[in-house]
Amino acid sequence: MKHWLLKSEPDECSIEQLARVRREPWTGVRNYQARNYLRDGMQLGDEVFFYHSNCATPGIVGLCTVVRLAYPDPTQFDPDSDYFDAASRRDDPRWLCVDVAFARRLRRTITLQELKTLDGLGDFALTRRGNRLSVLPVTAAQWQRILSVE
DNA sequence: GCCAACGTTGGC
DNA sequence: GCCAACGTTGGC
């Protein structure tokens with residue numbers, strides 16, 4: 001079992017929305033390294049931190065679970081989608097998505113500010129300088145440490 | 001809105 | 001393959 005962190009802009013898909021619909025295709029990843037994590041790393045049952053980015057208080061707000069392995073992201077073929085990619089071919093899709101299911105909200109937001117100063121995390125991908133990936137690996141130790149301060 | 005830190009594109 | 005120009009992310 002692996003652990004991950006997924007970034008979502010709450011304007012697009014918030015933890016409240018995921019709690020309501022219970023399950024969502026995680027579409028819109030348009031970065032090759034992030035796609036490779038989806039494709040090569042994610043397994044059914046992997047646990048995921050749900051992170052709110054590009055908002056007033058960025059931070060981890062909930063937990064979810066991988067419930068479907070990587071498959072072609074349908075939005076790349078949809079001309080009306082913001083994520084349409086005219087260069088991607090149906091017989092050789094460039095972009096993938098997984099499905100995630102809501103697990104629970106955290107009792108409080110563990111903010112980016114707090115994560116930056118939290119000890120015991122070691123080399124944490126989220127707070128690494130310059131990192132902008134929307135899909136990040138989390139070690140088991142980091143997962144436990146972060147949940148311990150909830 | 002600003003801007004640092006990337007990633008991508010395309011001319012050469 | 002190099003690299004300048006451009007686009008994007010996302011904290012602040």
Side-chain angles (χ1 to χ4, degrees), chain A residues 2-21 24-42 46-66 68-100 102-139 141-143 145-150:
Chain A
K2 295 184 181 175
H3 301 86
W4 306 92
L5 182 145
L6 292 177
K7 294 181 187 174
S8 182
E9 302 192 13
D11 287 348
E12 282 201 24
C13 178
S14 66
I15 190 69
E16 291 81 8
Q17 182 181 332
L18 185 64
R20 204 159 52 237
V21 302
E24 281 263 287
W26 199 267
T27 58
V29 169
R30 294 294 180 269
N31 171 283
Y32 287 104
Q33 193 180 345
R35 180 206 64 184
N36 293 348
Y37 282 137
L38 298 180
R39 184 188 63 195
D40 306 328
M42 283 200 183
D46 280 1
E47 294 178 307
V48 177
F49 282 136
F50 193 102
Y51 177 92
H52 279 176
S53 68
N54 207 8
C55 58
T57 309
I60 298 168
V61 293
L63 308 181
C64 54
T65 307
V66 176
R68 183 175 170 186
L69 294 175
Y71 61 99
D73 179 344
T75 64
Q76 70 196 301
F77 303 121
D78 177 3
D80 295 327
S81 169
D82 288 343
Y83 302 115
F84 178 63
D85 183 350
S88 184
R89 294 166 23 188
R90 285 186 183 274
D91 59 354
D92 186 21
R94 183 176 291 181
W95 305 113
L96 303 173
C97 60
V98 298
D99 287 358
V100 297
F102 176 79
R104 67 176 179 88
R105 299 184 59 157
L106 295 193
R107 289 188 284 278
R108 65 182 187 88
T109 299
I110 301 177
T111 65
L112 175 62
Q113 186 181 18
E114 182 176 357
L115 290 166
K116 282 179 173 172
T117 59
L118 188 60
D119 61 23
L121 288 183
D123 183 21
F124 186 38
L126 179 71
T127 51
R128 221 177 272 158
R129 182 181 143 96
N131 172 72
R132 297 172 310 155
L133 284 184
S134 59
V135 180
L136 297 170
V138 176
T139 68
Q142 288 163 350
W143 180 272
R145 175 69 183 121
I146 290 167
L147 281 183
S148 77
V149 299
E150 181 183 359

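Lettering follows sequence order; numbering is per chain, from 1. Since the structure is predicted, the reported quantities are computational estimates derived from the model, not experimental observations.
Within the 4.0 angstrom heavy-atom criterion, no nucleotide atom of any strand lies near Arg30(A).
Near-neighbour residues of DNA chain C inside residues 50-60 of chain A, defined by a heavy atom below 4.0 Å, number-ordered: Tyr51(A), Ser53(A), Asn54(A), Pro58(A). Taking every heavy atom of residues 111-121 of chain A and every atom of DNA chain C, pairs under 4.0 Å involve Leu112(A), Lys116(A), by number.
A straight line from CG of Asn131(A) to C1' of dG11(C) spans 12 Å, rounded to a whole angstrom. Rounded to a whole Å, the CG atom of Leu136(A) is 15 Å from the C1' atom of dG11(C). A straight line from CG of Leu6(A) to C1' of dG10(C) spans 16 Å, rounded to a whole angstrom.
Remark: Ala70(A) engages Leu96(A), Val98(A) in a side-chain contact (heavy atoms from CB on, under 4.5 Å) (not counting sequence neighbours). A search for salt bridge (Lys or Arg N to Asp or Glu O under 4.0 Å) contacts involving Arg132(A) returns nothing, not counting sequence neighbours. Annotation: ring-ring contact (aromatic ring centres under 6.0 Å, His included) contacts of Tyr83(A) (sequence neighbours excluded): none. With sequence neighbours left out, Ala87(A) forms a side-chain contact (heavy atoms from CB on, under 4.5 Å) with Asp85(A), Arg94(A). Legend: residues meeting side-chain contact (heavy atoms from CB on, under 4.5 Å) with Glu47(A), ordered by chain and number and at least two apart, are Met1(A), His3(A), Trp143(A). For Trp4(A), the side chain to side chain donor-acceptor pair (under 3.5 Å) test picks out Asp46(A), with sequence neighbours left out. Take Gln33(A) and apply the side-chain contact (heavy atoms from CB on, under 4.5 Å) test, not counting sequence neighbours, and it matches Asn31(A), Tyr37(A), Leu133(A).
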Donor-acceptor contacts under 3.5 Å from residues 49-63 of chain A side chains, at least two apart:
{"unit_1": "His52(A)", "atom_1": "NE2", "unit_2": "Ile15(A)", "atom_2": "N", "d": "3.0"}
{"unit_1": "Asn54(A)", "atom_1": "ND2", "unit_2": "Glu9(A)", "atom_2": "OE1", "d": "3.4"}
{"unit_1": "Asn54(A)", "atom_1": "ND2", "unit_2": "Glu9(A)", "atom_2": "OE2", "d": "3.4"}

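The list of salt bridge (charged side-chain N to carboxylate O under 4.0 Å, His left out) pairs with a residue in residues 122-131 of chain A, not counting sequence neighbours, reads Asp123(A)-Arg128(A).
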Base-contact (B) and sugar-phosphate-only (S) positions in nucleotides 4-9 of chain C, heavy-atom cut-off under 4.0 Å, - elsewhere: ----BB
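For Gln17(A), the CD atom sits in a packed shell: over 12 heavy atoms of surrounding residues, nucleotides or ligands are nearer than 6.0 Å.
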